[in-house]
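All remarks here apply to the structure that follows.
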Amino acid sequence: MTSEIVIIGGGVIGLAIAIELKLRGTYVTVLCRDFSAAASHAAAGMLAPDAENIPNEAMRSLCWRSRALYPDWTHKLEELTGLNTGYWPCGILAPVFEESRGGGEENTPLSATSPLSPAYWLDKEAIHQYQPGLGAEIAGGWWYPEDAQVDNRALAHVLWTAAESLGVELKEGITVEAIRQQQGQVIGVQTNAGVISAAHYVLAAGAWSNELLPLPVRPRKGQMLSVQVPEFVPELPLQRVLFGQDIYIVPRRDRAASLKEKRSLIIGATVEDVGFTPHNTPDGIQTLLQAAIRLYPQLQHYPIQEFWWGFRPATPDELPILGTSHCKNLTLATGHYRNGILLAPITATLIADLICQQKSDPLLSDFHYSRFHAQPSTHTSMLTHSANFSNGHRPAVSSQNSELSEKLERRLPPIQTSVTQDSALIIAGKTFQSRLLTGTGKYRSIEEMQQSVAASDCQIVTVAVRRVQTKAPGHEGLAEALDWTKIWMLPNTAGCQTAEEAIRVARLGREMAKLLGQEDNNFVKLEVIPDLKYLLPDPIGTLEAAEQLVKEGFAVLPYINADPMLAKRLEDVGCATVMPLASPIGSGQGLKTTANIQIIIENATVPVVVDAGIASPSQAAEAMELGADALLINSAIALAQNPAVMARAMNLATVAGRLAYLAGRMPIKDYASPSSPLTGIITS
Ligand code: FAD
Ligand code: GLY
């Protein structure tokens, strides 16, 4: 099936984008696993850039722009569908308790500085007069007249109906299992109903986005409940949102009688880092009720209506991920955390501008996914300055090693920047500055391993999941031995003899990476090796396992014999790299498969990482000169007499080989050619 644009995710973000794209004349399909599980249904619907007191300036601008779009946007949707979204510019009152006066008047909110979005301080008397029924300990508070609310459940329903009536193809119950990529393009999405292809794709899968791409989006659970306003209370007692510390109360007016929604007060919300753990808990609900009653005591007598929970899509800096991706035809719109309802209209506008007109709003640059990538360290500065050893985490090498390093450092002349421009190594959308990958096996001690990893300046270290599990020598304490905030773990399936085993171990590897704090790490180095004498990989088992792991959302880096046909097949099933061997693992025989590796490089559209067999820096440089994108070297470093110095040498060789490849070597000639040409010589 082919569609012009496929959107993955049918929450408010996916639907709002779908409608905007459809209105601009594109053919759109939305794939949605579970409409009712979306955070969009669980939210409180506050449009609260001021009350949320957002510290990031770009985010504040984005939120303000979106809030300003709300009246026209909801009006347009209501006209299209004849349904009510419950948009209500009711303002938000943020009361402050006696004991937290420090968070009160003296702590002017950021919005108070903007004439477009004013904030007013109300003292004790004013606030109690303005909002009767507040808790007696409230000593004052801020009034944000521009903040508003929308009934997010009604909005989700309206968006779905509007999309349907405009002719957006809505496919509920469809799970995208993997995004298939080739040559920097998405070529289709693997779903539970087969492969679906389109010219362009948008990832808007909320808290689940990380199952499909290695983006740092994690679920942040929020529990909520609502109470019903009893019929004997003639008017809705709250006419504005109350936004306290760790608690808010959102009044909801009567909606269409057909929807049987009564007047209610929504009470929220917990903020919990518990993964996708479902359900409400007594502790969560008790905390909310206690805080809500303190803020607005009369609700303690109201009947409880409903409990629910949802998963906010959170990023490490709490800002959304918007804009282009590592694939030309894939746009990202995820990670909206606490403000996805608010940000739906501006997200839809900016993303549609980007896709339809290639117009990139300057604000988008603050929300680009690349902000999470490692900062360039010496890996490129090795290319732009002189070869030096400082990378912000200088290895704790022995004094002998450090002396050697310094000597080397002093001797190396600076390199002209003009010849050294290089792009970074990108694997499955993640950028790495170093093109040398190393391992943790075979070292004589943990300290030697630590020194070597640091000296190699690598950013990816492969770890044998099975050896960690069985606490094999050298693999105890690995979690603490390396700084996993700086080094990307590449779990490998070493020791697996069948595809089934490798798949099982890969899943364990993903959990292991999570335990080390790499929630978004879906990488696996796939090794299926039944033959214990030569340690040669099984091509059929590797292909089978790769196919399954790609479907499960892994970024698969398969270790293979240097077989160009197999490399192509693995690329076709969606592997993130291919890793042909130079010679058998640990043999130290060097480059024995040059001709085949050359063919693989010539035909590959994913990075080619030469793995296994490289024993010396000259061989490392040679592999890079061929045009390999990176090298994985373990034994040659670990088994050297001085591993840390060899690690540094391998780093320099990798960089040298890469530079030589970029520089383009001179042609080979059959006969000698004098270094000083004779042409143009003045003869007497
Ligand atoms: P979602 O709404 O979660 O939708 C994602 C959709 O993608 C889901 O339907 C899911 O089934 C689908 N999906 C996921 N993976 C796949 C896949 N592989 N294949 C197919 N489909 C897939 N925001 C505000 O602005 N104001 C608030 O007051 C507010 N309060 C909140 C209170 C709570 C308790 C919570 C949890 C959130 C709150 N939010 C609020 C945040 C807001 O709800 C989210 O930021 C927003 O809903 C994110 O929208 P989304 O479309 O990106 O994700
Ligand atoms: N924006 C309110 C919440 O996320 O709980």
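Read the numbers this way: they start at 1 and go in the same order the structure lists the ligands and their atoms.
In this structure, of Ala16, Gly340, Gly553, the residue bringing a heavy atom nearest to atom 46 (C) of ligand 1 is Gly340. Distances from atom 8 (C) of ligand 1 to the heavy atoms of Pro219, Ala204, Ala38 show the closest one on Ala38. Atom 48 (C) of ligand 1 has its nearest heavy-atom neighbour, among Gly11, Pro313, Gly206, in Pro313.
For Gln357, the CD atom is densely surrounded, since the number of other residues' heavy atoms within 6.0 Å is greater than 12. The number of heavy-atom neighbours closer than 6.0 Å to CD of Glu172, taken from other residues, nucleotides and ligands shown, is above 12.
The nearest heavy-atom contact from the protein to atom 28 (O) of ligand 1 is Met46 N, 2.9 Å. Remark: minimum distance from atom 19 (N) of ligand 1 to any protein heavy atom is reached at Val176 N, 2.8 Å. If you check which protein heavy atom lies closest to atom 25 (O) of ligand 1, you get Leu342 N, 2.8 Å. With respect to atom 51 (O) of ligand 1, the closest heavy atom belonging to the protein is Ile13 N, 3.1 Å. With respect to atom 30 (N) of ligand 1, the closest heavy atom belonging to the protein is Ala44 N, 3.2 Å. Nearest protein heavy-atom contact of atom 24 (C) of ligand 1 is Arg338 O, 3.1 Å. Nearest protein heavy-atom neighbour of atom 13 (N) of ligand 1: Ala205 CB, 4.1 Å. With respect to atom 16 (C) of ligand 1, the closest heavy atom belonging to the protein is Arg33 NH2, 3.8 Å.
Using a heavy-atom distance under 4.0 Å as the criterion, the protein contacts of ligand 2 are Met46, Glu52, Tyr248, Ala269, Arg312, Arg338.
At a heavy-atom distance under 4.0 Å, no atom of Leu343 approaches ligand 1. Contact annotation for Ala37 and ligand 1: no heavy atom of the residue comes within less than 4.0 Å of the ligand. With a heavy-atom cut-off of 4.0 Å, Leu31 touches ligand 1 through its backbone alone. With a 4.0 Å cut-off on non-hydrogen atoms, Tyr337 touches ligand 1 through its backbone and not its side chain.
Side-chain contact annotation: Glu146 with Tyr144, donor-acceptor N/O pair under 3.5 Å absent. No side-chain N or O of Glu20 forms a donor-acceptor pair with one of Thr349 less than 3.5 Å apart.
Taking the side chain as every heavy atom from C-beta outward, Ile13 and His336 approach each other to under 4.5 Å. A heavy-atom distance below 4.5 Å is found between the side chains of Thr315 and Arg371. You'll find the side chain of Leu213 reaches within 4.5 Å of the side chain of His326, heavy atoms only. With a 4.5 Å cut-off on side-chain heavy atoms, Leu238 and Leu93 do not count as touching. At least one side-chain heavy atom of Tyr70 sits less than 4.5 Å from a side-chain heavy atom of Ile341. Between Asn280 and Leu225, every side-chain heavy-atom pair lies at or beyond the 4.5 Å cut-off. Counting heavy atoms from C-beta outward, Trp309 and Phe307 have side chains that stay 4.5 Å or more apart. With contacts defined as side-chain heavy-atom distances shorter than 4.5 Å, the pair Asn521/Pro214 does not qualify.
In terms of polar-atom proximity, Gly45 is counted as a contact of ligand 1, with an N or O under 3.5 Å from an N or O of the ligand. Taking any N or O of Ala39, backbone or side chain, at least one lies under 3.5 Å from an N or O belonging to ligand 1. Taking distance alone, with nitrogen or oxygen atoms compared against 3.5 Å, Arg220 stays at or beyond that limit from ligand 1. Checked by distance only, ligand 1 and Glu211 stay at 3.5 Å or farther apart across all their nitrogen or oxygen atoms. Taking distance alone, with nitrogen or oxygen atoms compared against 3.5 Å, Ile341 approaches ligand 1 more closely than that limit.
Between Arg252 and Glu306 there is no salt bridge, since no side-chain N of the basic residue sits under 4.0 Å from a carboxylate O of the acidic one. A salt bridge does not link Arg338 to Glu318: none of the charged side-chain nitrogens sits closer than 4.0 Å to a carboxylate oxygen. A salt bridge does not link Glu511 with Arg507: every distance from a Lys NZ or Arg NE/NH1/NH2 to an Asp or Glu carboxylate oxygen is 4.0 Å or more.
The shortest separation from a heavy atom of Asn339 to ligand 1 is under 4.0 Å, placing the residue in contact. Assignment of Thr270 to the shell around ligand 1 is not supported, since no heavy atom sits closer than 4.0 Å. At least one heavy atom of Tyr248 sits closer than 4.0 Å to an atom of ligand 1.
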Does the pair Trp208 and Phe276 meet the rule for a ring-ring contact (aromatic ring centres under 6.0 Å, His included), with working shown?
CA-CA 9 Å; Trp208 298 269; Phe276 286 109; 5.3 Å; yes
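In the vicinity of Val12, heavy-atom distances shorter than 4.0 Å reach the ligand 1 atoms 49 (O), 51 (O).
In this pair, His41 and Phe35 present their aromatic rings perpendicular. The plane angle is above 60°, beyond the 30 to 60° band.
Screening Tyr130, Trp143, Trp142 for a ring pair (Phe, Tyr, Trp, His ring centres under 6.0 Å) with Trp121, the sole residue that qualifies is Trp142.
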